[in-house]
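Working notes for the structure below.
If you're wondering where the values come from, they're calculated on a predicted model, not measured in any experiment. We name chains A, B, ... by the order of the sequence lines, and we start the count at 1 in each one.
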Amino acid sequence: MTQPIRVRMAPSPTGDLHVGSARTALFNYLMARRAGGAFVLRIEDTDAQRSDPAREAGIYDGLRWLGLNWDEGPDVGGPYGPYRQSERKDVHREAVQQLLANDDAYYDYTTAEERAAEREQQRAEGRPQRYSGIGRHFSAAEVAERKAAGVVPAVRFRAEPKPIQFDDIVIGSIRVGPDEVDDFVIARGDGSALYNMAVVVDDHHMRISHAVRGKDHVSNTFRQVLLYEALGWTPPAFAHLPLVVNRRRQKFSKRDGAQWVGEYRTNGYLPEALVNFLIFLGWAPGDEREIFSLAELVQEFRLERVNRADAVFDPQRLDHFNGVWIRRLDLGDLAERAWSYATAGGLKLSPDQRGYFRSALELEYERLSHLNRTAELMDFFFDDELVPDMRQVRYRRHSAAETAQALELVAALVDEAEPFDDPTLEARMRALASDLDWKAGDLFMPVRIAVTGRRATPPLFATMEVLGRQRCRERLQRALTGLAELATA
RNA sequence: GGGGCAUUCGUCUAGCGGCCUAGGACACCGCCCUCUCAAGGCGGAGAUCGCGGGUUCGAAUCCCGCAUGCCCUACCA
């Protein structure tokens with residue numbers, strides 16, 4: 001009888017979802033979905049300092065935005081709740097009591113000063129810095145004395161010297177010698193459980209089958225294994241993921257770029273792109289495919305194929321995936337997503353412009369690298385006061401005066417072209433260039449600048465078609481005025 | 001100081017004893033396409049597989065040392 005697959009994501013409520021956490025969440029999500037198991041969200045807020053339910057919102061938003069939906073959690077409930085560690089103190093306390101009762105743990109009445117002194121001496125002697133268990137040996141009288149002096153005891157696990165070993169799905173067998181794990185604190189003076197204790201208790205009670213987390217927890221795992229053993233519980237399978245690191249191969253942090261998922265959202269990244277990028281930080285399909293949707297990953301992902309070496313977060317690669325995914329979106333979807341970025345970016349859009357927005361966006365498809373660049377890319381479509389700066393034209397082959405004459409002809413052409421569409425405009429403009437004995441490009445660039453105000457745009461005639469006769473005509477007129485001023489200046 | 005783990009192009013990775021004179025992708029460079037900018041196509045440069053020993057007919061792949069890096073070493077998580 002195999003246990004159902006139950007995995008969890010256990011972030012601290014920091015206010016937003018870290019990209020490293022997002023990667024861990026993704027791997028867990030994939031595990032769960034592939035096996036038809038459960039993806040549990042547990043908020044680890046045992047540190048009262050940082051605990052604030054309001055700060056969970058960013059975690060939820062980030063996960064939801066990425067499409068990493070959870071089956072059980074503080075907000076949706078579930079059969080093994082509560083899902084906030086701060087609400088599970090009784091369960092933790094009960095387990096601490098059990099360890100105390102079995103003499104697997106003890107109250108430690110040493111003071112912080114005593115422990116610091118011990119560490120200091122060990123350092124001076126060049127010995128490993130470990131808690132020697134001095135608190136184990138106080139007599140009843142000594143304890144009474146310390147109590148009277150106001151010492152509040154912490155609860156320490158009694159770690160007997162013995163080698164500890166566990167099998168990790170990604171790393172393999174990991175072991176540590178008999179003297180490596182000392183008596184560690186499992187509960188504070190006030191009785192509240194510390195991280196390792198809380199994790200073990202919660203993972204057990206939540207029936208977690210696989211603990212999939214960052215490699216930075218390997219050392220903790222040795223302690224947790226001891227706890228499982230003492231409590232008489234079966235530990236979950238462990239899988240420790242390589243870390244997401246910066247260019248200097250250290251833990252990814254602020255100065256390495258945006259570190260929160262929310263920032264990627266506002267910076268115009270698609271969740272599909274972030275997922276696709278993140279999955280390759282520690283995993284690869286084994287063949288040469290590179291583009292994967294979340295749904296495809298559910299089919300392909302195998303924990304067994306996860307790498308062991310840390311992966312550098314390369315923003316350029318993320319950008320590449322973003323472009324790929326933008327181009328994969330169908331126009332309706334893209335328009336819907338880009339709309340809010342466009343207005344946020346300062347474009348004044350009215351609801352009746354949706355059709356126009358969409359037509360314009362269609363032309364910008366392959367030029368849109370990030371959704372938050374929508375406004376800067378498309379503002380000329382919406383600026384009805386646009387005054388083209390004709391100084392942008394390079395008057396090498398043709399003078400400003402000649403250019404003005406040509407634009408007059410173009411204006412006339414714009415007035416009468418029928419229909420006012422891409423092929424008609426192109427045919428007539430090419431004919432005009434030929435009549436003038438100009439190279440087509442020499443004519444198109446001034447027109448482009450006149451009509452869009454910029455040198456880089458989508459193909460000119462498609463752009464003009466979308467802009468419409470009216471706008472093109474007005475802008476051409478303003479360009480002509482500008483050219484005249486330029487001539488007199 | 002101690003321990004654990006890791007080490008293939010600048011980066012993400014393929015590779016699990018012979019198919020590797022190491023493949024793909026990003027970035028970079030060049031060419032093509034072309035009305036500009038993109039996108040796309042083609043090509044180039046880029047890794048003596050961290051170093052040194054072994055094992056083997058044969059090693060990026062197995063073993064042992066060394067080096068380097070990262071993580072942990074709290075009454076943080």
For a quick check of understanding: with a heavy-atom distance under 4.0 Å over all strands, which category does [X] fall into, base, sugar-phosphate or nothing?
| X | answer |
| --- | --- |
| L318(A) | nothing |
| G189(A) | base |
| E364(A) | nothing |
| H240(A) | nothing |
| V155(A) | nothing |

*Under a 4.0 Å heavy-atom cut-off, which of residues 372-382 of chain A touch RNA chain B?*
none
*Which residues in residues 430-438 of chain A have at least one heavy atom lying under 4.0 Å from any atom of RNA chain B?*
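Per residue number, the list reads R430(A).
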*Which heavy atom of E142(A) sits nearest a heavy atom of F138(A), and at what distance?*
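So the minimum-distance heavy-atom pair works out to OE1-CA, 3.3 Å.
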Expected list for residues 18-27 of chain A: side-chain donor-acceptor pairs under 3.5 angstrom, two or more places apart:
residue : atom : partner : partner atom : Å
H18(A)  : ND1  : G20(A)  : N            : 2.9
H18(A)  : NE2  : F252(A) : O            : 3.4
H18(A)  : NE2  : Q259(A) : OE1          : 3.2
R23(A)  : NH1  : P242(A) : O            : 3.2
R23(A)  : NH1  : L281(A) : O            : 2.8
R23(A)  : NH2  : P242(A) : O            : 2.5
T24(A)  : OG1  : G20(A)  : O            : 3.2

Check whether any side-chain nitrogen or oxygen of [X] sits under 4.0 Å from OP1 or OP2 of [N], and answer yes or no.
| X | N | answer |
| --- | --- | --- |
| R223(A) | C72(B) | no |
| R247(A) | A27(B) | no |
| Q250(A) | C70(B) | yes |

*side-chain hydrogen bond (donor to acceptor under 3.5 Å, both in side chains) contacts in which one or both residues fall within residues 152-164 of chain A, not counting sequence neighbours*: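 Every side-chain hydrogen bond (donor to acceptor under 3.5 Å, both in side chains) pair that includes a residue of residues 152-164 of chain A, provided the two are not neighbours, is D103(A)-R158(A), D108(A)-R156(A), R136(A)-E160(A), K162(A)-E229(A).
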Using atom [atom1] of [X] as one end and atom [atom2] of [N] as the other, report the distance to the nearest whole Å.
| X | N | atom1 | atom2 | value |
| --- | --- | --- | --- | --- |
| F292(A) | A25(B) | CZ | P | 14 Å |
| F157(A) | A74(B) | CZ | P | 17 Å |
| D216(A) | C76(B) | CG | C1' | 13 Å |

*asked:* Take a 6.0 Å sphere around CD of E94(A) and say whether it holds more than 12 heavy atoms from other residues, nucleotides or ligands.
replied: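 It does not: E94(A) CD has 12 such atoms or fewer within range.
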Could you write out each protein N or O paired with an N or O of nucleotides 59-61 of chain B at a distance under 3.5 Å?
none

Do [X] and [Y] have side chains that approach each other closer than 4.5 Å (heavy atoms only, starting at C-beta)?
| X | Y | result |
| --- | --- | --- |
| R223(A) | F157(A) | no |
| F357(A) | F381(A) | no |
| W70(A) | Y60(A) | yes |
| F420(A) | V414(A) | yes |

*Paired with U7(B): which nucleotide, if any, by Watson-Crick or G-U wobble criteria at under 3.5 Å for both distances?*
A67(B)
*Examine H204(A) together with Y228(A) and report whether their ring centres are nearer than 6.0 Å.*
no
*What about the rings of W325(A) and F277(A), do their centers lie closer together than 6.0 Å?*
no
*Drop me the distance from L347(A)'s CG to E376(A)'s CD, to the nearest 0.5 angstrom.*
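Those atoms lie 10.0 Å apart.
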_Pairs meeting criterion salt bridge (charged side-chain N to carboxylate O under 4.0 Å, His left out) with involvement of residues 306-315 of chain A, two or more places apart_ =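 Qualifying pairs, neighbours excluded: K215(A)-D310(A).
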*asked:* I need the full list of salt bridge (charged side-chain N to carboxylate O under 4.0 Å, His left out) pairs touching residues 163-173 of chain A, with sequence neighbours left out, sorted by first then second residue.
replied: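 The answer is none; no pair qualifies.
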*If we take the C1' atom in both C51(B) and C42(B), what is their distance in whole Å?*
39 Å
*asked:* Taking the nucleotide of RNA chain B with the nearest heavy atom to each, does E426(A) or K251(A) sit closer to the 5' end?
replied: E426(A)
*Between T111(A) and A462(A), who's closer to the 5' end of RNA chain B by nearest nucleotide?*
A462(A)
*Reading nucleotides 3-14 of chain B 5' to 3', which nucleotides get B (base under 4.0 Å from a protein heavy atom), which S (sugar-phosphate only), which -?*
BSSSS---SBSS
*Quick one, give me the B/S/- string for nucleotides 36-46 of chain B, reading 5' to 3', where B means a protein heavy atom under 4.0 Å from the base and S means that only happens at the primed atoms, P, OP1 or OP2.*
BBBSS------
*For H320(A), ring-ring contact (aromatic ring centres under 6.0 Å, His included) partners two or more places apart*: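 None.
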*Please determine if E426(A) and R430(A) form a salt bridge, counting it only when a charged side-chain N lies under 4.0 Å from a carboxylate O.*
yes
*Sequence neighbours left out, what passes salt bridge (charged side-chain N to carboxylate O under 4.0 Å, His left out) with R289(A)? Give chain and number order.*
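Salt bridge (charged side-chain N to carboxylate O under 4.0 Å, His left out) list for R289(A), sorted by chain: D287(A), E300(A).
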*What ring pair (Phe, Tyr, Trp, His ring centres under 6.0 Å) pairs are there with at least one residue in residues 106-134 of chain A, not counting sequence neighbours?*
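As it turns out, there is no ring pair (Phe, Tyr, Trp, His ring centres under 6.0 Å) pair with a partner in residues 106-134 of chain A once direct neighbours are skipped.
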